[in-house]
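Take a look at the structure set out below.
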Protein chains: 2
Amino acid sequence: MIEYSRQPHYLVAVDCIVFGFDGEHLKILLVKRGLEPEINKWSLMGGFVGPSESPDDAANRVLKKMTGLEGVYLEQMQIYGEPHRDPIERTLSVGYFALIDIHKYEAQLNDDYEAEWFLINDRPKLIFDHDKMVADARKKLRYKAALHPILFEMLPKKFTIPQLHILFEEVNDTKIDTRNFSRKITSTGLLIKLAEKDRTGSKKGAFYFKLDKKKYAANAQAFLSLVPNLKV
Amino acid sequence: MIEYSRQPHYLVAVDCIVFGFDGEHLKILLVKRGLEPEINKWSLMGGFVGPSESPDDAANRVLKKMTGLEGVYLEQMQIYGEPHRDPIERTLSVGYFALIDIHKYEAQLNDDYEAEWFLINDRPKLIFDHDKMVADARKKLRYKAALHPILFEMLPKKFTIPQLHILFEEVNDTKIDTRNFSRKITSTGLLIKLAEKDRTGSKKGAFYFKLDKKKYAANAQAFLSLVPNLKV
DNA sequence: ATTATTAATTGTCTTTTTGACAATTAATAA
DNA sequence: TTATTAATTGTCAAAAAGACAATTAATAAT
């Protein structure tokens, strides 16, 4: 008969892959680790799950602490639980990916952490199994974004179709036809065209759009097939 | 500065939602819990994660122990980590769902566990948050099965289109047009028609099919849109 | 003032896929 | 030989997808 008391206990942590988009490229937010082992090495932002919080709570707390942001789009990915993934002591980590508007993020000065954005394709080697986590997160982001309208989370409230287009290409690492993309994205009914134009990118300027919040909430779980020739 | 030693440690468990199909209805395999608290109450099959195994290892071990089956289709769902989900001591549980061919399962006599199949829609109340887990698993099964050819895992090696049809209807809790379903499922190229017929269900008999293993392996990650008017 | 330039926006056509719908076929039972 | 039952196959219209290029709105250059 199994008894609770005989069972081993482990540390449980969360690690967050924070994605952002600077208008050109997909980026992730990394921090310099503030504790041994591997102190001062680049790492995902993470922390241990406290006694009175769920892993989801912990992930939100960590994000708040390290980015200053609340109410961030956060999604549980999977658990990383190989016995020796942390060399000091067995620690299971719940991986999350987060999507944030890079412009909202104001670096929080903090003695323990220095956070910095890196191009997803040009980032330093990370500690432990964090490189695997990033790879998994990217895959899952691609999967999810192909079917659900979540990439808006990485754009400002007002955005243009060309911005959205580049973001989709960046996430899926593929070229998408402008005309077909435009048709698809507008046919979702999720976008509301504004009178204002963004004139920073071109002479003609591109119309701003915003999300139809109501329809977005209603369609958050809808499948939308937003990427052509989908193969994941 | 955070130190490992100060951090709290928790029990980590796995719980498996085991789905099966008897030819008519979707079923789940439940066990009578063999330890306090809630001893002898119906529960998902689960167990603690041992010191030298990953959660995936633990889930496979539990399944092997309680069903006698190895190499079962197993998929990590999410972590259940509310602080007080287990009244005795904080335990985080990794939820898995498994798909097995109900006919392969031979009840393993075991002092600690009595396993039994229940109709998914007519099952006893479960302990802790296990009812929530079942609901989540069902949702995820539906989601996954709508896009990936995984339901074959619940059928024998030789199966008929009508069997598959009923299974899809059962999982999605909806009627699917026979003709359209047949067209779609065969157009995947995943099925190989056999010469033999299953004569148990009708006078005419239905041709057996088997999976094209190679194509199945290649398409396991492909999107297939197998369910009409998909809304998840 | 006119023209050149640049990027945003819009449009057409064909092919493929979907969804709605019913007739035919292969066996056994009457 | 006919009735019965479930499996199998077929058609058509609508919608979606994919390939492809012309037009437009602005500014810059002449």
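Keep in mind that the numbers below use all heavy atoms, side chains included, and drop hydrogens, waters and symmetry copies. Because the structure is predicted, anything quoted here is derived from the model rather than measured. In what follows, chains carry the letters A, B, and so on, assigned in the order in which the sequence lines appear, proteins first and then strands, with residues in each chain numbered from 1.
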Original post:
Which part of the nucleic acid does B/Ser187 contact within heavy-atom distance under 4.0 Å: base, sugar-phosphate only, or nothing?
Top reply: nothing
**OP:** May I ask you to test the A/Pro55-A/Tyr96 pair for a side-chain heavy-atom distance under 4.5 Å?
**Re:** yes
Original post:
Just how far, in rounded Å, is P of D/dT8 from NZ of B/Lys203?
Top reply: 16 Å
Subject >> Identity of whatever pairs with C/dA26 - Watson-Crick or G-U, under 3.5 angstrom >> reply: D/dT5
**OP:** Would you check if the side chain of A/Gln76 reaches a backbone N or O of B/Ile79 as a donor-acceptor pair within less than 3.5 Å?
**Re:** yes
Subject >> B/Phe207 CZ to C/dA27 C1', straight-line distance once rounded to whole Å >> reply: 11 Å
Original post:
Between B/Gly205 and B/Asn180, which is nearer to the 5' end of DNA chain C once each is assigned its nearest nucleotide?
Top reply: B/Asn180
Original post:
What's the CZ-P distance between A/Phe181 and D/dA16, to the nearest Å?
Top reply: 18 Å
Original post:
Within the structure, does a side-chain N or O atom of A/Lys197 lie under 4.0 Å from either OP1 or OP2 of D/dA26?
Top reply: yes
**OP:** Can you tell me the distance, in whole Å, between the CG atom of B/Asp177 and the C1' atom of D/dC12?
**Re:** 14 Å
Original post:
C/dA26 base to B/Lys204 side chain: any donor-acceptor pair below 3.5 Å?
Top reply: no
Subject >> Of A/Ile100, A/Leu164, A/Ile102, A/Leu155, the residue whose pairing with A/Phe21 passes side-chain contact (heavy atoms from CB on, under 4.5 Å) >> reply: A/Leu155
Original post:
What integer distance in Å separates B/Tyr208:OH from C/dA26:C1'?
Top reply: 17 Å
Subject >> C/dA8 OP1/OP2 closer than 4.0 Å to side-chain N/O of A/Lys193 >> reply: no
Subject >> Rounded distance in Å - CG (B/Asp198) to P (D/dT5) >> reply: 19 Å
**OP:** Write down the partner of C/dG11 under the Watson-Crick or G-U wobble criteria, each distance required to be under 3.5 Å.
**Re:** D/dC20
Original post:
Just by distance, do the side chain of B/His130 and the backbone of B/Ser43 share a donor-acceptor pair under 3.5 Å?
Top reply: no
Original post:
Are B/Leu63 and B/Leu69 close enough that some pair of their side-chain heavy atoms sits under 4.5 Å apart?
Top reply: no
Original post:
Ignoring hydrogens and angles, does a donor from either the side chain of A/Arg199 or the base of D/dA26 sit under 3.5 Å from an acceptor on the other?
Top reply: no
Subject >> Among C/dA8, D/dT9, D/dA7, the nucleotide that comes nearest once only the side chain of B/Ser202 is considered >> reply: D/dA7
**OP:** Can you check whether any acceptor in the base of D/dA19 is under 3.5 Å from a donor in the side chain of A/Arg179, or vice versa?
**Re:** no
Subject >> For atom CD1 of A/Ile176 and atom P of D/dC20, their distance in whole Å >> reply: 17 Å
**OP:** Using atom CG of A/Leu194 as one end and atom P of C/dT9 as the other, report the distance to the nearest whole Å.
**Re:** 12 Å
Original post:
Relative to the 5' end of DNA chain D, which residue comes earlier, B/Arg183 or B/Thr160, by the nucleotide with the nearest heavy atom?
Top reply: B/Thr160
